[in-house]
Amino acid sequence: MTPDQLSATIVAALNALNEAGTVRLPDGVPDTVVVERPRSKEHGDYATNVALQLGKKAGLNPREFAQLLADQLAGADGIAGVDIAGPGFLNITVEAGAQGILAAQIVSAGSTYGSSDAFASEKINLEFVSANPTGPIHLGGTRWAAVGDALGRIFSFSGAAVTREYYFNDHGAQIDRFARSLLASAKGEPTPEDGYGGQYIEDIANDVRKAQPDVLDLPEAEAQEVFRSVGVDLMFTEIKKTLHDFGVDFDVYFHENDLHESGAVAKAIQRLTELGNTYEKDGALWLASEKYGDDKDRVIIKSDGEGAYLSGDLAYYLNKRERGFDRCLIMLGADHHGYVGRLNAMCACFGDVPGVNLEILIGQMVNLLSEGAPVRMSKRSGTVITLEDLVEAIGVDAARYALARYTSDTNIDIDLGLWTRASSENPVFYVQYAHARLASILRNAADLGVISADRSLRSLLDQPGGFDPALLAHEKEGDLLRALAEFPRVVTAAAQLREPHRVARYLEDTAASFHKFYDSCRVLPMGDEEPGPIHVARLLLVEATRTVIANGLGLLGVSAPDRM
RNA sequence: GCCCCCGUAGCUCAGGGGAUAGAGCGCCGCCCUCCGGAGGCGGAAGCGUAGGUUCGAAUCCUACCGGGGGCACCA
């Protein structure tokens, strides 16, 4: 009995009441009802507020409505008891057997447990990181790498067709500054005032010289061009590798330069002009974005004839839509929040719906503290805190987990000393430890011959009488089963709300439920005890729990170790 | 001045209208004869302020106070 099944049972009961004329619901019976886990044990296994919602519509007070529904529900399959409490809550107790069967269902579903087709009709383009190829990925980009990739996994798990995309800004003034910085470094000159500093500039400049030893003998402009093209290439290769090592691979690396060279920008502008959303003023071409909610109209083509930065975004968005993406998600740092209005307005200028066809997700800043003092993270200052720094300090698993376990719309402070000194304080270890402990129990079960050496529990499911779900009747077993039953809902909510951190928090709760179960319920036979049905039942629960934790960690891109 | 995000326990944070607001860390006190004590059990301690909507608000709305970030024919 999962919450979804219980919801369906309640809906069926409501329909029966409605059809019998016992209650009259003018708006009909809803497709689903809210079923939640009450905070307090006294309120049963599950509670629903449906009587509070529908009582008034039926012309009854909520408690009367609740009583009618409770009577109807009392005889339903899998329901052990129904109580009415407070203003009209229905507190429902589920039969142990109906609940225990979930363990078998999870084991049988394996790595697919928690997946759904909730997003099956959606083709989603997920753009994140998109760091400029002028330096390593800093912490803001690292946060999006962890969160965006997790979100992509969650969408896919929920049935969506997801394309992960990286927009590569290889066009514009910052690239020139990058090239000049490399050239200056190679010549042993100081960093240009508006240039990029730091060790990586020196490293890349050296690599460019290795690739083309005579580069400094070329005329200045040609040399700079070599540093530009080779340097950007090297930088980009490095970024790709860093992300790959972080467990993040993109399906598409989109080059801004291509938009300008292919005529896509001109095409987008033409389209907007046809729609009557551009005009000329002061020698420049403007986008009439103010009428769609932007603070003011924006320049697309500057008076010097160059495309403004926005022109690339226009063409890029149109390109995504032409590739068939109904939903284009773009993840940006809080320092870009000023773009949200104009990007949404741009979307509207194309005749699309902001928030539907284009969705901008803003992630707040990540701050690093060292010895309690803030560390600046600026490419330009050279005191760059990079993805690699973070991984080196705490490892990929801890880094991904730490960045993904918070909502994106809150600032995070990470104290380097704390993370490096006390890794056991990191919640990821709590969850991974639970997985290792679960795996260890299964190893031991195999050693004792309770299950086959390959630790397969599916064979137990096929044997008649191999698994008696009613044996999982202990309070802690019920708690754990109800926690496991939540997983599909958590995944769906994480996808709908674009909040991967829900999965992490859920895993921490579930790991806690497991540790409590483990503390009160002996899984393996003790001493000379013969293995019996209770051991089989609990082993299935162990494997079900291990499956959920492994699936959840997988959604976050964090490993689920069998040993630690 | 305008815009965005945040304000929940000593600290770091969960809580997408429901009942007695949770977790980790820290603090106090307990629990190892056998499956991993990297664990479990108990205790002290909290929704920035003021209004509003609602049967019901940490959650939605408004104002104010506090913290962070942003407001280019830069990219």
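Letters A, B, ... are given to chains in the order of the sequence lines, protein chains preceding strands, and every chain is numbered from 1.
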What is the distance from [atom1] of [X] to [atom2] of [N], rounded to the nearest Å?
| X | N | atom1 | atom2 | value |
| --- | --- | --- | --- | --- |
| Leu507(A) | rA38(B) | CG | C1' | 17 Å |
| Arg405(A) | rC25(B) | CZ | C1' | 11 Å |
| Tyr406(A) | rG24(B) | OH | P | 14 Å |
| Arg39(A) | rG56(B) | CZ | C1' | 13 Å |
| Asn132(A) | rC74(B) | CG | C1' | 11 Å |
| Ile549(A) | rG36(B) | CD1 | P | 15 Å |

> Any idea if rC32(B) is syn or anti, going by the 90°-from-0 cut?
Replying inline: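 In terms of base orientation relative to the sugar, rC32(B) is syn.
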
> Is the shortest distance from a Lys or Arg side-chain nitrogen in Arg400(A) or Asp397(A) to a carboxylate oxygen in the other one below 4.0 Å?
Replying inline: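 Salt bridge between Arg400(A) and Asp397(A), a charged N being under 4.0 Å from a carboxylate O: no.
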
>> Roughly how many Å apart are rC32(B) and rA14(B), using the C1' atom of each and rounding to a whole number?
In response: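 The same atom, C1', in both gives a distance of 32 Å.
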
> Would Tyr518(A) count as stacked on rC35(B) if the rule is ring centres under 5.5 Å and plane angle under 30°?
Replying inline: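 Aromatic stack with rC35(B) present for Tyr518(A).
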
> Given that Lys56(A) and Ala173(A) both sit by RNA chain B, which one's nearest nucleotide is further toward the 5' end?
Replying inline: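 With Lys56(A) and Ala173(A) compared, the 5'-side residue is Lys56(A).
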
>> On RNA chain B, does the nearest nucleotide to Ala511(A) precede the nearest nucleotide to Asp562(A) from the 5' side, or the other way round? Give the residue.
In response: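 Nearest-nucleotide comparison on RNA chain B picks Asp562(A).
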
>> Can you confirm if the NZ or CZ of Arg546(A) lies within 45° of the ring axis of Phe514(A) and under 6.0 Å from the centre of its six-membered ring?
In response: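 No; the conditions do not both hold, so Arg546(A) does not lie above the ring face of Phe514(A).
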
